[in-house]
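In this text, all values refer to a predicted model and were calculated from it rather than measured experimentally. Basis for what follows: all heavy atoms, side chains included, without hydrogens, waters or symmetry-related copies. Note on naming: letters A, B, ... go to the chains in the order of the sequence lines (proteins, then strands), and numbering restarts at 1 for each one.
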There are 4 protein chains.
Amino acid sequence: MVGRGRPRDTEIEAKVLDAAMTEMRARGYDGLSVDRVAERAGVAKTTIYRRWPSKAELVMAMITELTSAVPFDPTGDPRRDLGEFVAGIAAALDAIPTTLVADLVAAAAREPRVGVGVRALWAHRHAAVSEAITQAQADGLMPAHADPRIIVDQLVGALYYRLLVTGDPIDPAYVRALVLSTLGPEQS
Amino acid sequence: MVGRGRPRDTEIEAKVLDAAMTEMRARGYDGLSVDRVAERAGVAKTTIYRRWPSKAELVMAMITELTSAVPFDPTGDPRRDLGEFVAGIAAALDAIPTTLVADLVAAAAREPRVGVGVRALWAHRHAAVSEAITQAQADGLMPAHADPRIIVDQLVGALYYRLLVTGDPIDPAYVRALVLSTLGPEQS
Amino acid sequence: MVGRGRPRDTEIEAKVLDAAMTEMRARGYDGLSVDRVAERAGVAKTTIYRRWPSKAELVMAMITELTSAVPFDPTGDPRRDLGEFVAGIAAALDAIPTTLVADLVAAAAREPRVGVGVRALWAHRHAAVSEAITQAQADGLMPAHADPRIIVDQLVGALYYRLLVTGDPIDPAYVRALVLSTLGPEQS
Amino acid sequence: MVGRGRPRDTEIEAKVLDAAMTEMRARGYDGLSVDRVAERAGVAKTTIYRRWPSKAELVMAMITELTSAVPFDPTGDPRRDLGEFVAGIAAALDAIPTTLVADLVAAAAREPRVGVGVRALWAHRHAAVSEAITQAQADGLMPAHADPRIIVDQLVGALYYRLLVTGDPIDPAYVRALVLSTLGPEQS
DNA sequence: GCATAAGCGAGACGGTACGTCGCGTCTTGCC
DNA sequence: GGCAAGACGCGACGTACCGTCTCGCTTATGC
């Protein structure tokens with residue numbers, strides 16, 4: 001083999017994702033056009049398609065970058081760990097315009113590839129959280145009657161539901177109350 | 001005042017909405033084309049645009065018509081009542097293509113009016129459910145430590161979350177487990 | 001037989017034709033829309049279609065009214081009669097925007113019905129003029145070698161040609177020279 | 001400067017213009033649809049609109065390409081030369097659908113640029129013919145009383161007039177008669 | 001004097017074409 | 001090989017007209 005050709009410009013990823021984010025905020029998923037993203041990023045359309053095979057994929061990449069900012073590092077204290085997990089998600093959702101979240105959810109439902117990506121993302125996180133819950137149940141720190149995956153649904157689902165459907169506020173007090181309600185009172 | 005012109009054909013609304021529904025089920029939101037809807041409904045494209053100024057608006061109309069109320073008729077047995085409430089919502093969500101629900105959510109976030117409408121719909125239902133829970137708590141049939149509104153968030157939110165985010169199935173077993181997890185085990 | 005129904009409003013013809021004229025001046029044949037004409041005339045579209053079965057027919061009516069303003073009343077002096085005939089046409093063409101004439105010619109070529117109408121109009125006039133020329137030839141007032149119909153083509157055609165193709169001016173001097181050239185010098 | 005992008009496919013112009021010509025002959029101006037032209041040319045509609053901003057513009061391009069010069073090569077025999085000139089124009093007009101000629105005339109009246117172009121085309125031709133006539137008059141081969149430019153108007157104008165206004169046929173016999181009528185009988 | 005028949009304004013409707021926009025692919029030439 | 005530039009095929013969008021239709025109302029006529 002000979003020369004492997006010109007290496008990819010590593011700054012392009014960020015520029016494009018930034019531009020896509022701006023467009024998404026301004027016009028939503030449907031209004032986001034690859035041509036405009038390219039122009040805003042100062043990049044050729046070809047260059048975008050070389051990295052992401054479709055608009056859906058591009059949006060997916062954007063989401064992944066956004067959401068992966070919520071970590072889950074269990075300390076062993078399940079109450080505290082879950083509390084921080086939920087608070088982290090709440091903070092992340094708060095940092096993004098609601099419209100964007102809604103559009104992404106809609107895009108996930110409409111575009112199979114986006115849906116797959118989003119689900120994979122969550123599946124990964126859920127696994128970690130579920131495992132921690134299972135451990136806590138085994139350690140007798142949490143009631144054993146509940147399926148860990150359902151507990152996650154209840155916690156995260158309540159946040160999404162408030163944000164997207166009822167529009168009620170999500171403040172630290174709510175997060176605390178939610179965790180309390182889900183895990184039950186401290187098992188002294 | 002004088003004649004108001006030829007009146008609108010009242011059957012057209014239903015025919016078009018039906019056709020749109022069929023198309024939506026078959027090809028999803030993006031695959032839904034106004035031309036095809038018109039053809040299927042046996043109606044001119046112009047006639048559709050006279051009623052709904054854009055494809056989005058048309059889909060919105062379809063959704064809101066579908067989102068008919070899930071009834072809540074408490075019997076006094078909170079466990080059973082909530083179980084049926086959740087099961088009813090699950091059934092309703094199951095009957096509608098996921099895309100529709102996602103689009104409604106997105107539309108609610110984008111269009112203030114839609115948002116107000118959707119929220120009003122839910123607020124009404126929530127009030128009834130919350131009241132029943134409060135009553136059950138007062139009767140000692142349910143643990144008193146939890147805010148009734150949060151319980152509703154957990155129940156309904158979990159459903160939406162599964163449907164829109166994780167894509168995990170929502171079957172009767174899940175509904176039972178969800179209610180059990182939320183209300184805690186039977187107080188003997 | 002019983003009642004013959006409400007009689008047609010006789011003012012409508014003029015109002016509509018006027019409105020059509022205005023529209024035609026402003027936007028040409030293609031840009032003329034029946035809806036706009038109706039609105040401008042303060043009349044329902046139906047009312048227009050009751051009188052003229054199509055847009056082409058309407059335009060035809062307009063033309064007829066315009067062009068029928070050029071009379072031909074022979075006095076017996078062929079030179080003078082033809083001179084006045086040509087001058088009259090020149091004056092009529094001068095009173096109408098060139099664009100309009102061009103559009104009408106184009107409409108006549110495009111729309112069979114308009115074409116038929118225009119041709120009928122001219123045929124009538126030509127017959128009168130030709131006859132007068134024939135008479136003059138019989139009386140020895142004009143050279144007999146030329147077909148009268150061709151003489152008319154030469155006279156009128158030159159005017160149209162100048163107006164529509166070369167754009168050269170059509171002034172009284174030109175008209176005189178044209179007649180002179182066509183009829184030859186006075187036969188003493 | 002850098003790459004100028006994918007070059008335009010040079011064969012497309014001809015393919016589209018050809019297709020347009022065919023459609024125009026078959027269905028006339030109004031019946032010519034850009035969609036059909038695109039399909040016949042095996043080209044996307046967008047590609048057509050990239051080159052010609054509207055249907056009118058496309059037709060114009062077609063016309064101007066067709067209006068190739070009718071040659072005028074005087075032999076010194078004015079009768080014959082003019083006869084051939086007129087016959088050539090008649091043949092050219094006969095080869096093109098009348099609608100095209102009419103549309104060109106209309107476009108020339110409406111669009112200044114088109115007008116200038118058309119007039120320049122004719123001015124050039126007229127100059128040559130007028131000069132030949134002047135020469136013939138000087139040689140005593142033609143009556144001197146007539147302005148050469150008017151003779152041209154009469155000859156060509158009569159053709160246009162027949163074609164566009166009266167619709168009468170333009171056959172060789174007519175051409176002969178027209179020349180005879182315009183130039184007068186042979187000066188033996 | 002009252003029914004009948006046509007005229008009229010208003011505007012919905014079926015069609016057909018228009019011109020635009022976006023996606024994803026392609027073809028250049030330069031780096 | 002990457003990249004900018006931009007042409008291209010495809011397919012949908014929303015708009016503008018045309019000519020027809022259906023309302024409710026008005027206006028003459030003639031029995």
(request) Determine which bases of DNA chain E form Watson-Crick or G-U wobble pairs with both distances under 3.5 Å, and write the result as a 5' to 3' dot-bracket string with | for other-strand partners. (result) |||||||||||||||||||||||||||||||
(message) Using heavy-atom distances to pick each residue's nearest nucleotide on DNA chain E, tell me which of D:D30 and B:P7 is more 5'.
(response) B:P7
(message) What is the separation between atom CD1 on B:I12 and atom P on E:dG11, rounded to the nearest whole Å?
(response) 17 Å
(request) Compare side-chain N and O positions of D:R4 against OP1 and OP2 of E:dT28 and report whether any pair is under 4.0 Å apart. (result) no
(request) Please report the shortest heavy-atom distance between C:Y49 and C:S54, naming the atom on each side. (result) CE2-CA, 4.1 Å
(request) Check every strand shown and say whether A:G42 touches a base, only sugar-phosphate, or nothing at a heavy-atom separation below 4.0 Å. (result) sugar-phosphate
(request) Using whole Å, report how far CZ of D:R40 lies from C1' of F:dG9. (result) 19 Å
(message) Does a side-chain N or O of A:R36 approach OP1 or OP2 of E:dG22 to a distance below 4.0 Å, or not?
(response) yes
(request) Give the minimum heavy-atom separation between C:A19 and C:V37, together with the two atoms involved. (result) CB-O, 3.8 Å
(message) Can you tell me whether the side chain of B:R6 and the base of F:dC21 have a donor-acceptor pair closer than 3.5 Å?
(response) yes
(request) Look at the side chain of A:R36 and the backbone N and O of A:G31, then say whether any donor-acceptor pair between them is shorter than 3.5 Å. (result) yes
(request) Could you pick out which residue, A:R27 or C:D9, lies toward the 5' side of DNA chain E when each is mapped onto its nearest nucleotide? (result) C:D9
(message) What is the distance, to the nearest angstrom, from the CD atom on D:E39 to the P atom on F:dC10?
(response) 10 Å
(request) Enumerate the residues from residues 44-60 of chain C whose closest heavy atom to DNA chain F is under 4.0 Å, giving them by residue number; use none for an empty result. (result) C:K45, C:T46, C:Y49, C:S54, C:K55
(message) Are the side chains of D:P97 and D:M21 in contact, using a 4.5 Å heavy-atom criterion?
(response) yes
(request) Look only at the side chain of D:R8 and the backbone of D:E13, and say whether a donor-acceptor pair between them is shorter than 3.5 Å. (result) no
(message) If I take atom CG from residue A:D103 and atom OH from residue A:Y29, how far apart are they, to the nearest 0.5 angstrom?
(response) 10.0 Å
(request) Measure from the side-chain heavy atoms of D:S33 and tell me the nearest of E:dG22, F:dC13, E:dC18. (result) E:dC18
